[in-house]
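Chain A is the first sequence line, chain B the second, and so forth, proteins listed ahead of strands; every chain is numbered from 1. Just the heavy atoms: all of them, side chains too, but no hydrogens, waters or symmetry mates, feed the values below.
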Amino acid sequence: MPNRLKPWFVVLLAAATLPLLGAGGGTSTAKTPADASKALDPAKVERGRYLTTVMFCNDCHTPFKMGENGPEPDMSRMLSGHPASVKVTGAPAFDNGWASAANETNTAWAGAWGVSFTANLTPDVETGLGAWSEDEFVAAVRSGRHRGRGRPILPPMPWPFLSQASDDDLSAIYTFLRSLPPISNRVPDPIPPAAN
Amino acid sequence: MRFHLKNDLVRYSAALSILATSAWAALPALGSGDPGEGQSAPATLAETGLYSDFASRIVGEGIVAYQPRFPLWTDGLDKQRWMQLPAGASIDAASPELWEFPVGTKLWKQFALGGKPIETRYMERVEGGWVFASYAWNEDASAATLAPRQGVRAAAEIAPGARHDIPGSFDCASCHRGQKQRVLGLGPVQLAAGRTGDGPDVVELTRRGLLRGLPERFLSAPADPGPESREVLARGYLHGNCGHCHNSEGPLASLQLDLRMEIDEPAGEPAAIRTTSGIAASTSARSAPAALRLDPGNPEGSQLLQRVGTRDPFAQMPPLGTRVVDEKALELLTAWVRHDLVQPTAAASETP
């Protein structure tokens, strides 16, 4: 494989394959939320765009591809999470003090928690956040739980830091995410740690 | 008691909690994210007024112990519950499913293992909402102090490899904000007239002047109630353990999964059957792969039972507050699905 990807703080490579991927943005199977026609506040969208950019949400939630200058986020699949087509079957072995690793797309992360996959944050109803209300989104960030009351959100998602954002900032981030084109991409379930 | 605790899942849960808690606890608090609806809670349990004599744990005068009909499973821990209303005040039950508690109401739920208290959860009604808190008892049970907002992980080992976590403030909100009524376990179904169990029912609360306005038809117990049917017990379990999130009015209403029981249930199929039996599951997980929420006659193909019967943190239900499967409840629900639930099509064909 030419030009092996080295995303920031990738310390090991997970056992992953990277098939050829077509552009994923706004696929035909994506379903927009029922309130998609509701006008979004442009100022809020821009504030959310700014926050998601400087808080590097794209670094994990937008899959990396190999560009002319090395690995870069594939913005045609912006914030759509770990691509379902990229199969990861387990974590690499850790030794010599290493504790975590990411795969080539920077969307699958291995550590003591097993392997986690970054979520699809686009407003696709079936596979993204399209069915989530703003309250649920804010509660998820604040609590570290799916929709604010379900399964735990795994590392390395830095929700304990993000949870301290202001209500206005989280609302802006949610609004910006609603403005994205929905992308149908079903992120796989996390993989528990190996038995050894 | 047999535990469904596979080693990998134990490690999984442990790793999650350690990572999440250590990161959160180390952070400087920036003042955002408090889910409380009102003022902050007292610093110690003693200050809440539960005990008139804290050292000997004598409960204060006017504080009423109660027990719900369908209690929430908390890994077999012993629980005690109390309520206190301001002097002369009462709960307004004119809206039977949405009791209005007077400002100043205090509620406590204490968790103990082998007679030793581990934590005491506390709710206080204030202007504009409720204060939620939990108090962690010290080793010699001489004091209980307000738990930090991220909770306390591994506050006690309740079984080999299974520990009890004291919930964080957002964990409180996860359950208590899942429906309009913030108080769980103290309502018309849980304290129904004539229900079995210790403590007052709605009739007794009314007689004592602690409850008013509940329509008369809910204030008479059956002359000979007899044992509750398996279906009622099963639906009651779902009501007490799942219905506070899975209902038709809260944030998860869009799932169209309603596991609540109502005191005044409309005619026809109860919601807990109508929204599960033969209904496709809206999601799945590695430990809960069944396609249907409940498949009548086929508990093995019922995702709801798979979720109740696992402690894989990505599939278990409830998703928090328990690390040990409730085996008795699983048996009950399994028998209900196997023997009592009827295929919707078959049921329809029998209807004249």
Practice item. Could you go through the side-chain contact (heavy atoms from CB on, under 4.5 Å) check for L255(B) and R147(A) one step at a time? Key: CA-CA 12 Å; L255(B) 294 176; R147(A) 299 182 88 150; 4.1 Å; yes
Check your understanding: For R145(A) and P319(B), which heavy atoms make the closest approach, and how far apart are they?
Key -> NH1-O, 3.4 Å
Exercise for review: Examine whether an atom of T283(B) lies under 4.5 Å from a heavy atom of chain A, and if so say whether it belongs to the side chain, the backbone or both; otherwise answer neither.
Suggested key: neither
Check your understanding: Does the R151(A) side chain pair with the main chain of F314(B), one donor and one acceptor, at a distance under 3.5 Å?
Key -> no
Revision key, fill the gap. L320(B) and R149(A) have their tightest heavy-atom pair at CD2-O, 4.1 Å
Exercise for review: Check whether any side-chain heavy atom of I191(A) sits under 4.5 Å from a side-chain heavy atom of R286(B), and report yes or no.
Suggested key: yes
Study note, to complete from the structure: Turns out that what part of D189(A) lies under 4.5 Å from chain B's heavy atoms comes down to both
Point to revise | S143(A) (side chain) donor-acceptor with D171(B) (main chain) under 3.5 angstrom | key: no
Review point. Minimum heavy-atom separation for S254(B) to A131(A), with atom names?
Key: OG-O, 4.4 Å
Review point. When you look at CD of Q256(B), are more than 12 heavy atoms from neighbouring residues, nucleotides or ligands closer to it than 6.0 Å?
Key: no
Study note, to complete from the structure: Closest non-hydrogen atoms of P313(B) and P152(A), given as atom of the first, atom of the second and distance, are O-CD, 3.4 Å
